[in-house]
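Report on one structure; see the data block that follows.
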Amino acid sequence: MSTSEAAQRDPDAWTIGRLLNWTTEFFGERGIEPARLEAEVLLAHCRGCQRILLYTAFDEVAGEELRQRFRDLVKKRAAGTPVAYLVGKREFYSLDFEVTPDVLIPRPETEHLVMAILDHAKQQGRADAPLRVLDIGTGSGIVAICLAKHLPKSQVTAVDLSPQAIEVAKRNAAKHKVDDRVAFVKGDAYQALPADAKYDFIASNPPYVTSEEMQQLNKTVRDFEPALALDGGPEGTDVIERLIREAPERLTPTGVLAIEMSPMIATRVERLIEESPLALLPTLKDIDGHARIAQARLEG
Ligand SMILES: C[S@@+](CC[C@H](N)C(=O)[O-])C[C@H]1O[C@@H](n2cnc3c(N)ncnc32)[C@H](O)[C@@H]1O
């Protein structure tokens, strides 16, 4: 008897479909959204299949071992652990990246940071040039690695204060076969870089949550993602101020600095650029129309 025939005989059998429906309701009641998607991602992970294949197995009875594994993850998710940490990966810019609790979970907004740099490289007609690129606060390495992949002759330097994050980023660079062109540096912003090093592009998604906002963050973010990746100090601009202040010495004459920020601090970040020797370029909006990427270049 096949597992789907078994399901037809026993309406109480835990089929893939019933597990999904039950978990979607369970997550929904606890405010875990998108409930269906999260249930699917966890079940597909436990079953070792793509999410889409759950639908062809809808009537299949789930074995005890699969149910146990799934139950454990559902419990952890209900207690707040983000799905990306439970499955150990997240997609960004159409690539899969390893994530652990030592790194921020990649956000879709950050794709605008990658696109901003790629657009500048194309506009300058230098996408295939041997560019020098710097990513400050690399975390899982997503920005550095996507830029290395799409700027095939570039040499990328990726900096982070967290040695644990750098280990994750190194594995991601190897996985995506750009480890020969991405150098990782443990350090504080520009401090550990050679004194005379200059870059064609500086990208950063720094910590930019204000101290007040840190208290109001969703528990799944505040209690599980690294504070070092989020906390931008009282105004959210502790790291951003330093990135802007020291950029004039770090950019090549045609170089561009692009910084991801929260729309809440956009005006302040633009003012910091205007007060610096840099020229402010138009701020880019994200898909929701929020000011998201501040940009600057050397004056003149
Ligand atoms: C918002 S996360 C961004 C991670 C990754 N780039 C991304 O977009 O998902 C900020 C990162 O900056 C690092 N960081 C915080 N302060 C730093 C500093 N002063 N110098 C270098 N890295 C820093 C954190 O460890 C964290 O990995």
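The analysis underlying the following values was restricted to heavy atoms, covering all of them including side chains, and did not include hydrogens, waters or symmetry mates. We count ligands from 1, going down the list as the structure has it; atoms in each ligand are counted the same way.
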> Please walk me through it: do E241 and R268 pass salt bridge (Lys or Arg N to Asp or Glu O under 4.0 Å)?
Replying inline: CA-CA 10 Å; E241 278 182 36; R268 186 170 153 69; 2.8 Å; yes
> Among all residues two or more places apart in sequence or in another chain, which pass the side chain to side chain contact (heavy atoms under 4.5 Å, CB included) test with P282?
Replying inline: none
For ligand 1, run through the N/O pairs with the protein that fall under 3.5 Å and put one pair on each line.
unit_1, atom_1, unit_2, atom_2, d
ligand 1, 6 (N), G137, O, 2.8
ligand 1, 6 (N), T138, O, 3.2
ligand 1, 8 (O), N205, ND2, 2.8
ligand 1, 19 (N), D188, OD1, 2.8
ligand 1, 20 (N), A189, N, 2.8
ligand 1, 22 (N), L161, N, 3.3
ligand 1, 25 (O), D160, OD1, 2.6
ligand 1, 27 (O), D160, OD2, 2.6

>> By the salt bridge (charged side-chain N to carboxylate O under 4.0 Å, His left out) test, which pairs, at least two apart or in different chains, include something from residues 67-79?
In response: E38-R77, E64-R67, E64-R71, E65-R69
> How are the rings of F97 and H176 set to each other: parallel, tilted or perpendicular (split at 30° and 60°)?
Replying inline: tilted
> How would you list, by chain and number, every residue that makes a side chain to side chain contact (heavy atoms under 4.5 Å, CB included) with K170, sequence neighbours excluded?
Replying inline: I166, E167, F184
>> What verdict does the side-chain hydrogen bond (donor to acceptor under 3.5 Å, both in side chains) test give for R132 and T252, after you've listed the backbone C-alpha separation in whole Å, the side-chain angles of each residue and the deciding distance to 0.1 Å?
In response: CA-CA 9 Å; R132 298 200 62 186; T252 58; over 6 Å; no
